[in-house]
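I have placed the structure first, in the form of structure tokens, so that the comments after it can refer back to it.
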Amino acid sequence: MLSPLPPIDFRAELNDEQYAAVTAEPGPALVLAGAGSGKTRTLTYRVAYLLHQGVHPGEILLLTFTNKAAREMLERVEDLTGIPRRHLWGGTFHSIAQRILRVHGELVGLKRHYTILDQGEAETILKNTIQDTDAKFIKTKNNPKPKVLANLISYARNTCGSVHDETADRYPFFDGMAEKVADFHNKYQKSKLAQQVVDYDDLLEYLLKLLREHPEVAQQYQDRFKHILVDEFQDTNRLQSEIVDTLAAHHQVMAVGDDAQCIYTWRGANFDNIMRFNERHTGAALHKIETNYRSSPEILNFANEVLRAQPSGLGFNKELRAVNPSREKPYFVPIMDARSQAQFIIQRIEALAEEGRDLSDIAILYRAHYQAMDLQMELTRRNIDYQITSGVRFFEQAHIKDFTAQLRFASNPADVSAFARFACLLPKVGPKTAERLHKFTRERAEKLQQNFSQVLCSEEVLKKVPTDAQEEWPSLAATIRELVDGINEQSPEELVQLALDGWYSSYIREIYPNWTDRADDLQSLVAFAARYDTMEELLAQLVLLASESNERSPEDLKNCLRLTTIHQAKGLEFPVVFVIGLADGTFPLKRTIDEGDLEEERRLFYVAVTRAMEELYLTYPMLNQQGSNVMRLNPSRFIREIDSAFYETLRIAPSRSW
């Protein structure tokens, strides 16, 4: 028997919109919770309300996207009701799936003791499967590597698509590639089942298979869960929505989310899940929670205009309303270029510090990592403490270090560390092998009185290269030779472009699922190199910037400037926000313009501006330098769509002339 619950005055604890959703009658419901409107509060109070209505804890299923979100909500429910969180079915889709499969998994071939693989272990099994099926596949140049295929297969599975069709779409110019990858996937599945191991995607696939093929099990959980609550519903993929729909056959589901914050379709989130909720759950009640407790009225007016610019019918109509006092309008700041942008931001940060702001009150948001390169350099130069939420600092990233190692070596062929850095990227080449190859090439060059890079391309050296790496070696060696030959003849920017056109660009396509983002990072180094007259100056700067540690003690982090991509900033809030790079081609990105896929970019902009609580700065670099070419940029279309009455334009005097 559960103890009597402590009383809760739901009417006093919630605003009208939250109260309506929390106390809604049983049945299907979609709760549109706008940015900063108290979504988590609404969900936790809904669970508490159901418990107060006499619903047994075991009859409530709460599905979240992160363990952290589940833990925080269940802890809050326990604080409100006194009911221990272990009595509730709450957690991520994957954790709930494994809980059900532990009981019924044998019906779909899983014994109770099955184990769950982490990402690295799953990729190892896939790699072994590929090698057992086609020993030459991984070694063949231009074929995607196992990590890339793992990403492709996972995307197809989470979107309930065909691995064959997804491969054909991504690799249309490779005859037979789709059939090959589909075969790898089938054997990968059989291999895992034989070992009684599952990857993360298996948990969801096996759960859906169980519910569909065994109606008696589906019936058991459909009857058990009188109320299903789903957090961040706009982020669900097709596989997750199918699970929800199957469990909620009696339409006892409340989905909570915000269509305007659906920004993860690139990893499988399905925008239609939230937009067509009513089609799958006929008669669903719609609750809008539009009172915003985060931002000033001026910031919310601007955010509402961002959504108003959406093509008709592509999102739900909603209007965020402020409870906070009035402040300044958002500032739109046209500025000369990325370097001037960095200088303006730092000047403004210094002024904010004089006004009493802590660095931790301030966030700089950007669409892509490379767009913050100049800012990171200037912050480092000024000794201003900052942390990167979206990964390591720009010059510390693996692909930046791998790439610049080639430039280092071209400048100094005696640099064994630089040689090993890029040589070890090839299969079966470790540090010792790289050292032996370098020594052999150097001694051979001395004996023949030839240039090191010439000998690097020779048959004698190729024979010393491990068999698995021999196919790629000529391309790598040829790139190094071109760089060495050009080191005294070409400018740093020309040499960087030469390296970009060489071996490494094809290497990242095979190795990294997000190779397009990494290619953008590398391309930005061309303009960076144009600032230096010699390769020595460029390399010295790269080493100094890469040596800056990103490690921060907890005490340091309390007063640390935050730099982050907008994707990583979702769910966060800051008193002062700078959104940088607001030009067509950088935000929205050029490839999204070319592909006509602008609506997710617009939603991303909406997420960015709604992170700001009190002050919002939107910077627009008017010029972009690509090598020796200076291009005029247009302001982002997302700014041009908004009436200038909703923001104030700051005119900044140029810090230097062109």
Side-chain angles (χ1 to χ4, degrees), residues 30-37 39 159 169 232-238 241 255-281 284 286-290 292 295 298-321 330 332 365 367-368 516 565-567 569-570 579 581-612 616 618 620 633-647:
L30 177 61
V31 179
L32 292 174
S37 66
K39 170 181 66 67
T159 55
D169 185 52
E232 302 284 13
F233 193 72
Q234 77 282 346
D235 293 337
T236 53
N237 57 42
R238 174 79 182 277
S241 71
V256 182
D258 182 5
D259 59 293
Q261 296 188 71
C262 179
I263 58 173
Y264 297 112
T265 61
W266 50 275
R267 67 183 190 198
N270 190 332
F271 186 60
D272 282 346
N273 287 349
I274 193 166
M275 295 307 300
R276 297 186 174 177
F277 182 83
N278 193 56
E279 294 176 18
R280 300 197 310 280
H281 300 281
L286 179 64
H287 300 276
K288 293 183 182 180
I289 304 178
E290 299 169 303
N292 176 285
S295 306
E298 289 75 15
I299 290 171
L300 294 184
N301 289 339
F302 186 92
N304 287 331
E305 289 301 304
V306 174
L307 292 190
R308 203 163 280 126
Q310 287 183 128
S312 178
L314 280 184
F316 289 101
N317 293 324
K318 52 188 163 296
E319 185 91 9
L320 294 178
R321 296 183 303 276
F332 175 58
L365 311 184
R367 177 62 184 86
T516 52
T565 62
I566 300 162
H567 283 102
K570 185 172 175 285
V579 184
L582 278 163
D584 264 7
T586 52
F587 195 3
L589 288 175
K590 182 179 184 300
R591 65 172 175 268
T592 64
I593 297 172
D594 294 343
E595 293 165 4
D597 186 20
L598 288 169
E599 291 317 303
E600 184 155 351
E601 292 284 291
R602 192 193 315 279
R603 296 194 295 270
L604 200 58
F605 183 47
Y606 173 80
V607 168
V609 301
T610 54
R611 300 311 93 198
L616 175 62
L618 308 159
Y620 152 52
L633 300 175
N634 291 319
S636 170
R637 61 195 63 200
F638 301 144
I639 295 288
R640 299 200 307 267
E641 290 166 346
I642 295 174
D643 191 313
S644 59
F646 290 94
Y647 58 84

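All values reported here derive from a predicted model rather than from experimental measurement.
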When you compare the side chain of [Y] with that of [X], does any pair of heavy atoms fall below 4.5 Å?
| X | Y | result |
| --- | --- | --- |
| Glu595 | Lys590 | no |
| Phe302 | Ile639 | yes |
| Val607 | Arg611 | yes |
| Leu633 | Asp584 | no |
| Glu298 | Tyr647 | no |
| Leu30 | Ile274 | yes |
| Glu232 | Lys570 | yes |
| Leu286 | Asn278 | no |

Least distance between heavy atoms, [X] atom then [Y] atom:
| X | Y | result |
| --- | --- | --- |
| Asp235 | Gln261 | OD1-O, 4.1 Å |
| Ala303 | Val609 | CB-CG2, 4.0 Å |
| Glu601 | Phe587 | O-CE1, 3.6 Å |
| Gly315 | Gln310 | CA-NE2, 4.1 Å |
| Phe277 | Ala284 | CE2-CB, 3.7 Å |
| Cys262 | Arg603 | O-NE, 2.6 Å |

[X] (side chain) donor-acceptor with [Y] (main chain) under 3.5 angstrom:
| X | Y | value |
| --- | --- | --- |
| Arg640 | Pro635 | yes |
| Thr586 | Gly581 | yes |
| Ser295 | Ala612 | yes |
| Tyr264 | Asn237 | no |
| Asn273 | Ser241 | no |
| Glu600 | Thr265 | yes |

Would you please name every residue forming a salt bridge (charged side-chain N to carboxylate O under 4.0 Å, His left out) with [X], sequence neighbours left out?
| X | result |
| --- | --- |
| Arg602 | Glu599, Glu641 |
| Asp643 | none |
| Asp259 | Lys318 |

Roughly how far apart are [X] [atom1] and [Y] [atom2], rounded to 0.5 Å?
| X | Y | atom1 | atom2 | result |
| --- | --- | --- | --- | --- |
| Leu300 | Asn292 | CG | CG | 4.5 Å |
| Glu290 | Asn304 | CD | CG | 8.5 Å |
| Leu589 | Asp594 | CG | CG | 10.5 Å |
| Leu365 | Leu616 | CG | CG | 9.0 Å |
| Leu604 | Ile566 | CG | CD1 | 4.5 Å |
| Thr610 | Leu320 | OG1 | CG | 7.5 Å |

Arg276 atom CZ, over 12 foreign heavy atoms within 6.0 Å: no
Thr236 vs Asn270, side-chain contact (heavy atoms from CB on, under 4.5 Å): CA-CA, chis, key distance, verdict: CA-CA 6 Å; Thr236 53; Asn270 190 332; 6.0 Å; no
Parallel, tilted or perpendicular: rings of Phe605 and Phe638 (30°, 60°): parallel
Electrostatic pair Arg308-Glu319, nearest N-O below 4.0 angstrom: yes
Asp258 and Lys39: CA distance, side-chain angles, deciding distance, salt bridge (charged side-chain N to carboxylate O under 4.0 Å, His left out) verdict: CA-CA 10 Å; Asp258 182 5; Lys39 170 181 66 67; over 6 Å; no
